[in-house]
Number of protein chains: 2
Amino acid sequence: MEFDKDEQGLYEFIELLFFAYRDFTAGPDEELMAFGFGRAHHRVLHFVSRNPGLMVAELLDILRVSKQSLNRVLKQLIEEKFVFQEQGAGDRRRRHLFLTAKGQELADRLGAIQFEQISGSLKGFSPKAYQNICDGLLSLIADDDQKEVLGRFDEARKRSRGSDE
Amino acid sequence: MEFDKDEQGLYEFIELLFFAYRDFTAGPDEELMAFGFGRAHHRVLHFVSRNPGLMVAELLDILRVSKQSLNRVLKQLIEEKFVFQEQGAGDRRRRHLFLTAKGQELADRLGAIQFEQISGSLKGFSPKAYQNICDGLLSLIADDDQKEVLGRFDEARKRSRGSDE
DNA sequence: AATAATACGTCAACAATGTTGACATTGTTT
DNA sequence: AAACAATGTCAACATTGTTGACGTATTATT
């Protein structure tokens with residue numbers, strides 16, 4: 001397996017991504033079933049947990065689904081008190097999304113499942129090798145989206161520093 | 001971004017995988033629409049292309065869906081002459097799956113789209129870095145499945161050597 | 001002040017893809 | 001002959017995606 005237009009290698013890469021994604025999402029999916037939720041709910045919980053105060057429009061841009069599709073799961077999460085909204089201070093049309101204690105608890109549990117999976121899988125990797133994997137995944141993302149993704153990473157790290165210290 | 005139970009880094013890893021998978025599947029999805037097919041059809045075309053003579057039971061194990069769900073798309077692909085079946089020589093209950101010329105053409109076109117995406121994204125990576133990415137993806141796959149995946153990789157490489165020389 | 005644009009919510013219909021359960025067919029094994 | 005295995009099929013239903021149309025605040029523009 002080396003990179004150089006080797007057709008076999010490229011096909012293998014495609015399959016690795018498919019199987020990795022398949023097995024990676026399997027764990028949380030099980031846990032979610034107990035709540036009557038699915039993968040779509042997980043995505044909302046994840047991104048609201050990581051970006052507290054996220055607006056609906058931003059979430060739509062992240063998930064790339066129609067607002068009707070998002071609204072179906074978001075409505076459930078709000079009705080069942082996993083998520084709540086706050087009207088924007090400046091612009092009162094905006095709804096900022098946050099997790100309730102219950103929502104945060106579930107998001108954290110799902111995160112913990114994936115943490116174990118990742119650290120179990122990658123514990124043998126050097127920091128350098130791990131960096132290569134992250135860089136590789138990042139460059140698979142469409143050029144226009146990479147900036148947005150990295151921007152949100154930065155904000156999350158700033159928030160985390162702000163609350164830790 | 002370094003590997004060591006850094007919560008931020010692990011969350012970032014999760015998101016990278018999500019966005020990479022999202023953007024990686026977007027290309028073929030568009031092409032498939034023109035044929036009235038979806039991602040489920042793509043998976044069948046891909047794995048039959050890579051493993052000619054694959055049995056239905058093996059495909060079910062790869063995709064991890066119910067036979068009824070598979071049958072729906074497989075039936076379409078057979079009726080529209082992208083895939084054909086051959087009765088097993090030894091065990092005549094078995095149906096071995098193959099692509100027709102038309103099916104192979106479509107599978108190749110979809111492969112080409114993803115090839116361009118991958119090589120465009122990873123062209124700056126050293127062979128070593130590329131190897132790290134592949135190893136990382138592989139280890140994200142459930143332990144029991146890694147052997148199967150690697151086994152099929154080997155078979156595909158053997159087949160490819162057999163027909164190339 | 002009237003009008004347009006924005007952010008969001010909602011109703012309805014429909015499509016793709018997943019599920020389970022039940023049953024039929026054909027071929028192999030015991 | 002009876003049991004098992006591999007596949008196909010019918011039906012019902014769940015989740016998550018789509019489009020189109022419309023409603024309601026709120027803000028921005030003219």
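Sequence lines set the chain letters: A, B, ... in the order given, protein chains first and strands last, and positions in each chain run from 1. Note that the coordinates shown come from a computational prediction; the quantities given were computed from them, not determined experimentally.
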Pair B/Tyr21 and A/Tyr21, ring centroids less than 6.0 Å apart
yes

Assign each of A/Gln68 and A/His41 the nucleotide of DNA chain D bearing its closest heavy atom; nearer the 5' end lies the nucleotide of A/His41

Is there a side-chain polar atom (N or O) of B/Ser66 under 4.0 Å from OP1 or OP2 of C/dG18?
no

With the threshold set at 4.0 Å, does a side-chain nitrogen-carboxylate oxygen contact exist between B/Glu15 and A/Arg50?
yes

Are B/Arg43 and C/dG18 close enough that a side-chain N or O sits under 4.0 Å from OP1 or OP2?
yes

Is it the case that the ring center of B/Phe18 lies less than 6.0 angstrom away from the ring center of A/Phe47?
yes

Suppose we call two aromatic rings close when their centres sit under 6.0 Å apart. Are B/Tyr11 and A/Phe115 close by that rule?
yes

Find the distance A/Leu74:CG to D/dT16:P and express it as a whole number of Å.
13 Å

Please state whether the base of D/dG8 and the side chain of B/Lys75 form at least one donor-acceptor pair under 3.5 Å?
no

Each nucleotide N or O in nucleotides 4-6 of chain C that has a protein N or O under 3.5 Å away: list the pair and distance.
from, atom 1, to, atom 2, distance (Å)
C/dT6, O4', A/Arg93, NH1, 3.3
C/dT6, O2, A/Arg93, NH1, 2.6

Please confirm whether B/Phe82 and B/Phe37 have ring centers closer than 6.0 angstrom.
yes

Separation of B/Gln87 atom CD from C/dT25 atom C1', in whole Å?
12 Å

Please give, in whole Å, the distance from D/dT18 P to A/Leu63 CG?
10 Å

Figure out the CD/C1' separation between B/Glu30 and D/dG17, and round it to whole Å.
16 Å

Any side-chain heavy-atom pair from A/Leu17 and A/Leu140 closer than 4.5 angstrom?
yes

If you compare every side-chain N and O of B/Arg92 against the phosphate oxygens of C/dT26 (OP1, OP2), does one of them come in below 4.0 Å?
no

Checking all strands, does B/Gly90 fall into the base, sugar-phosphate, or nothing category for heavy-atom contacts under 4.0 angstrom?
sugar-phosphate

Side-chain donor/acceptor of A/Arg72 to base of D/dG17, under 3.5 Å
yes

Should we count CD of A/Glu30 as having more than 12 external heavy atoms under 6.0 Å?
no

Whole-Å distance between D/dT19 C1' and A/Lys67 NZ?
11 Å

In whole angstrom, what separates B/Asn71's CG from D/dT7's P?
11 Å

Could you say whether B/Glu58 or A/Gly38 is positioned toward the 5' end of DNA chain D, judged by the nucleotide with the nearest heavy atom to each?
B/Glu58

5'-most by nearest nucleotide on DNA chain C - B/Val73 or A/Asp91
A/Asp91

In whole Å, I'd like the distance from the CZ atom of B/Arg95 to the P atom of C/dG27.
8 Å

Return the value, rounded to whole Å, for the distance between atom CD of B/Glu86 and atom P of D/dT7.
14 Å

